[in-house]
Amino acid sequence: MNQEEKILRENIRQIIRLVKQKKNTEEDELRQVVREFIDIEMATLNEAGPDVDPTPNKSTGINVLEELLKKIIPIIETDYKSLTTNNSQRESYRSHIINAVENSLTPAKINTAAGGEEVESDLEEEIEIDVGDAVDDKFIDIRTDAEKSADDEEEEEDPRDAFGTDVEGDETGRNMAYQSYKKIETSIVDSYELLGDPEDQELFYDYLIANLKLYFDKFEEELAGTLDEPTNQAYDDAAAPAAAEPAGDELELEL
């Protein structure tokens with residue numbers, strides 16, 4: 001190997017060393033930049049706290065329903081779980097609540113679909129009422145105040161009976177459902193009437209009924225663990241009173 005080849009090889013080695021050093025330096029610098037970026041992001045997350053806000057659904061109807069369920073489910077759960085005498089009370093409560101929801105939203109669905117026809121119907125009803133009132137004004141009521149009061153009491157219908165129309169079931173469950181529904185009916189109707197899109201309305205209605213049934217199933221499962229506590233033979237033997245000693249001669253202790 002001549003002198004020129006030696007010089008060339010040495011120059012090549014130096015160039016390779018320089019390239020490697022530069023590459024290592026760039027990698028170290030890149031790593032440092034990444035570390036600093038990660039440190040800044042972690043500090044920001046720690047200050048802001050975890051992101052607990054759920055991602056909104058694609059349907060406005062489902063978003064509105066989710067907010068409604070947060071309001072009404074705790075009320076329903078408390079009242080439902082207070083019915084512990086027998087299962088028929090809870091079955092009645094469940095049936096009456098679902099029936100009441102359907103009854104409340106059906107007129108709203110009809111009114112939304114009817115549109116202008118509803119206005120025309122209201123005008124016709126108003127005209128009929130006005131004509132009827134003119135005739136009724138001529139009627140002279142000769143009953144005494146006591147008789148009027150007695151007749152009014154007889155004619156007055158228990159609102160709980162009207163609430164339970166067409167639904168069979170335990171009376172206690174019905175009465176509790178009536179009290180519960182008075183607390184939540186306005187929220188249900190107002191939430192539905194926020195929606196103007198037919199698809200949102202349909203999703204809201206269908207998923208509301210489905211979720212009520214699913215929550216009732218969940219409540220019943222939770223109650224099952226408290227109302228009928230499981231046991232076993234070992235526990236029964238330990239809890240049973242001590243058996244009486246069989247009759248016989250008493251043992252004498254020798255002192």
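The figures that follow rest on heavy atoms only: side chains count, while hydrogens, waters and symmetry mates do not. As the structure is a computational prediction, the values presented were derived from the model and not from experiment.
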Joint cluster assignment, Ile209 & Leu69, ILVMFWY side-chain distance < 4.5 Å: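 Yes, because Ile209 and Leu69 connect within a single hydrophobic cluster, where side-chain heavy atoms sit under 4.5 Å apart.
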Hydrophobic clusters here meaning ILVMFWY residues chained together by side-chain heavy-atom distances under 4.5 Å, can you tell me if Ile184 and Val167 are in one?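 Result: no, two separate clusters.
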For a 4.5 angstrom cut-off between non-hydrogen side-chain atoms, does [X] reach [Y]?
X      : Y      : value
Tyr181 : Val101 : yes
Ser180 : Ile97  : yes
Leu195 : Tyr205 : no
Phe204 : Leu208 : yes

Check the angle between the aromatic planes of Tyr80 and Phe216 and answer parallel, tilted or perpendicular using the 30° and 60° thresholds.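 Tilted, since the angle between the ring planes falls between 30° and 60°.
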Point-to-point distance, once rounded to the nearest 0.5 Å, from CD of Gln89 to OG1 of Thr84: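 The distance works out to 7.5 Å.
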Using the rule salt bridge (charged side-chain N to carboxylate O under 4.0 Å, His left out), only one of Glu220, Glu77, Glu221 pairs with Arg90; which is it?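 The residue from Glu220, Glu77, Glu221 that satisfies salt bridge (charged side-chain N to carboxylate O under 4.0 Å, His left out) with Arg90 turns out to be Glu220.
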Can you tell whether the side chains of Lys81 and Glu222 come within less than 4.0 Å, N to carboxylate O?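 Judged by the 4.0 Å cut-off on N to carboxylate O distance, Lys81 and Glu222 do form a salt bridge.
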When you check the gap from the basic side-chain N to the acidic O, do Glu91 and Arg94 get nearer than 4.0 Å?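 Salt bridge flag = no for Arg94 with Glu91.
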If you draw a 6.0 Å radius around CD in Glu171, do more than 12 non-hydrogen atoms from other residues or ligands fall strictly inside?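 No, CD of Glu171 has 12 or fewer neighbouring heavy atoms, counting only those of other groups under 6.0 Å.
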Could you check whether atom NZ of Lys213 has more than 12 heavy atoms from other residues, nucleotides or ligands sitting under 6.0 Å from it?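 Not more than 12 within 6.0 Å, no.
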